[in-house]
There are 2 protein chains.
Amino acid sequence: MAALAYNFLDMTHPQIVTEQSAAEKSRHWLKYLQQRGYRLTGSRRAVVDALAEAERSLTAADLYEIGRAKHKGLGLVSVYRTLEKLEELGLVQRVHGPGGCHAYISAQDGHNHMLVCENCGRVEMFEGDDLKDFTRGLEKQSGFRIHEHWLQFFGLCADCQAA
Amino acid sequence: MAALAYNFLDMTHPQIVTEQSAAEKSRHWLKYLQQRGYRLTGSRRAVVDALAEAERSLTAADLYEIGRAKHKGLGLVSVYRTLEKLEELGLVQRVHGPGGCHAYISAQDGHNHMLVCENCGRVEMFEGDDLKDFTRGLEKQSGFRIHEHWLQFFGLCADCQAA
DNA sequence: CATATAATGAAAATGATTTTCAATATCAAC
DNA sequence: GTTGATATTGAAAATCATTTTCATTATATG
């Protein structure tokens, strides 16, 4: 999962945002979990590591499989419980798409839009908040109070086009 | 469900798109189903009518309940089967959101973005395709071939803010 | 109106997720 | 270090949305 920055009105000068390494990410997440009063266990570490290392979005079943290689006794229930906590802390986010809504990916700081490969689950993240004015206009027209928005693009990544 | 039109770069002159009446919509959908070789039955009519009349997005369970008032013997299975066909014909679309991905709403012609009330499920549809250039730029940067995008806003409609 | 077959509802099956529960592991206090 | 309160565990059962199976019924066409 790479991360790019875009300017909504100017696509000519994109900025690549460098990301934490998987090891840094994992360490940070575990520390954060502990700070919140959660205990660090083998099961939790296995799931956190699997997610931090992931280059693509993963389902609970994917994480169960990958996590079991790291911690033999891992149960699927612990995968769900860890995902729940990581999501609550804003460290991972669910990836919704036409092909399903059961995958998770590590969240970038701030608000992110996603470009999702429908074949392999690879996710590119984009930062930006250029929809603010648009959102305000929409609120005025509709009478809604808007809390959140999703801007997502779906397609095939370069690798999956080639394959 | 109302429908508005917007211009991505100019939110000052929105255009309200008038929608079909529920009766027109239902008649049109049933005719379309029949043209495609599907038979018209009481169960099918009940589900189609319920969806055509809906002011908000509905789940299969909602449709089962509403449909049963119209056709006593309606089974939940027929709700799913009818949704499947309507979706295949592009007459209804699934509404995905932070609160779940199990609701359906009648689709407008063409490509639509949605503004969804997280409390009551009310959906406002917006037309527009001003993301074309943006999409092209994104493809160039990422190497992806983009097939589809979602632009969705979530919040509370005027009624639910008041309540 | 006969008839081929699409569509039906009920029940069972499936797949993802959650709950329950007794056993175990973590971490803070000693 | 040992202890002890309790957070966390995995397994099994429960739940929820959805799909499949199947014998029966209804539709539309000839």
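Chain letters run A, B, ... following the sequence lines, proteins first and then strands; every chain starts at 1.
Between Arg68(A) and Lys85(A), the residue anchored nearer the 5' end of DNA chain D, judged by the nucleotide with its closest heavy atom, is Lys85(A).
Backbone-only engagement by Gln34(A) is indicated by non-hydrogen atom pairs under 4.0 Å involving sugar-phosphate atoms exclusively. Using a 4.0 Å heavy-atom criterion, one finds that Leu74(B) contacts the sugar-phosphate atoms exclusively.
The salt bridge (Lys or Arg N to Asp or Glu O under 4.0 Å) test applied to Arg94(A) returns no partner, not counting sequence neighbours.
If you measure from atom CG of Leu30(B) to atom C1' of dA7(C), you get 15 Å, rounded to the nearest angstrom. For the pair Gln35(A) CD and dA28(C) P, the computed distance is 12 Å after rounding to whole Å. Between the NZ atom of Lys72(B) and the P atom of dT8(C) there is a distance of 14 Å, given to the nearest Å. Atom CD in Glu84(B) sits about 15 Å away from atom P in dA6(C), given to the nearest Å. Between His71(B) atom NE2 and dT8(C) atom C1' the separation is 8 Å, expressed in whole Å. The interatomic distance linking Arg81(A) (CZ) with dT24(C) (C1') rounds to 13 Å, in whole Å. At whole-Å resolution of the value, NE2 in His96(A) and P in dA16(C) are 17 Å apart. When the P atom of dT17(C) is taken as reference, atom CD of Glu87(A) falls 11 Å away, rounded to whole Å.
Pairs passing the side-chain hydrogen bond (donor to acceptor under 3.5 Å, both in side chains) check and including a residue from residues 59-69 of chain A, sequence neighbours excluded, read Thr59(A)-Asp62(A), Tyr64(A)-Arg68(A).
Each end of the helix from dC1(C)-dG30(D) to dC30(C)-dG1(D) yields a helix axis from five base pairs, and these two axes differ in direction by 30° (to the nearest 10 degrees).
Looking at Ser57(A) and Tyr104(A), their side chains never come closer than 4.5 Å, going by heavy atoms from C-beta outward. At a threshold of 4.5 Å between non-hydrogen side-chain atoms, the residues Leu74(B) and Val47(B) count as touching.
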>> If you apply the rule side-chain contact (heavy atoms from CB on, under 4.5 Å), what do you find for Arg145(B) with Glu139(B), and how did you get there?
In response: CA-CA 6 Å; Arg145(B) 176 158 314 150; Glu139(B) 284 185 316; 4.1 Å; yes

>> Go through it in stages, so that I can follow the logic: the residues are His147(B) and Leu156(A), the test is side-chain contact (heavy atoms from CB on, under 4.5 Å), and I'd like the CA-CA distance, side-chain angles, deciding distance and then a yes or no.
In response: CA-CA 8 Å; His147(B) 298 137; Leu156(A) 286 181; 3.9 Å; yes

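Taking a 4.0 Å limit (strictly below) on heavy-atom distances, residues 37-44 of chain A reaches DNA chain D at Tyr38(A), Arg39(A), Thr41(A), Ser43(A), Arg44(A).
At a threshold of 4.0 Å, the pair Lys85(B)-Glu87(B) does not count as salt-bridged, since none of the basic side-chain nitrogens sits closer than that to a carboxylate oxygen. Salt-bridge check for Lys70(A) with Glu53(A): passed, with a basic side-chain N closer than 4.0 Å to an acidic carboxylate O.
Using modelled atom types, no side-chain atom of Glu84(B) and backbone atom of Val79(B) make a donor-acceptor pair closer than 3.5 Å. The backbone N or O of Arg44(A) sits nowhere less than 3.5 Å from a side-chain atom of Thr82(A) that would complete a donor-acceptor pair.
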In residues 26-35 of chain A, what donor-acceptor pairs under 3.5 Å come from side-chain atoms, sequence neighbours left out?
residue, atom, partner, partner atom, Å
Ser26(A), OG, Asp49(A), OD1, 2.4

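Interface limits on DNA chain D: the 5'-most and 3'-most nucleotides within less than 4.0 Å of chain A heavy atoms are dA5(D) to dA12(D).
Aromatic ring centroids of Trp150(B) and Phe153(A) lie 6.0 Å or more apart.
Considering only side-chain N and O atoms, Tyr80(A) lies nowhere under 4.0 angstrom from the phosphate OP1 or OP2 of dT18(C).
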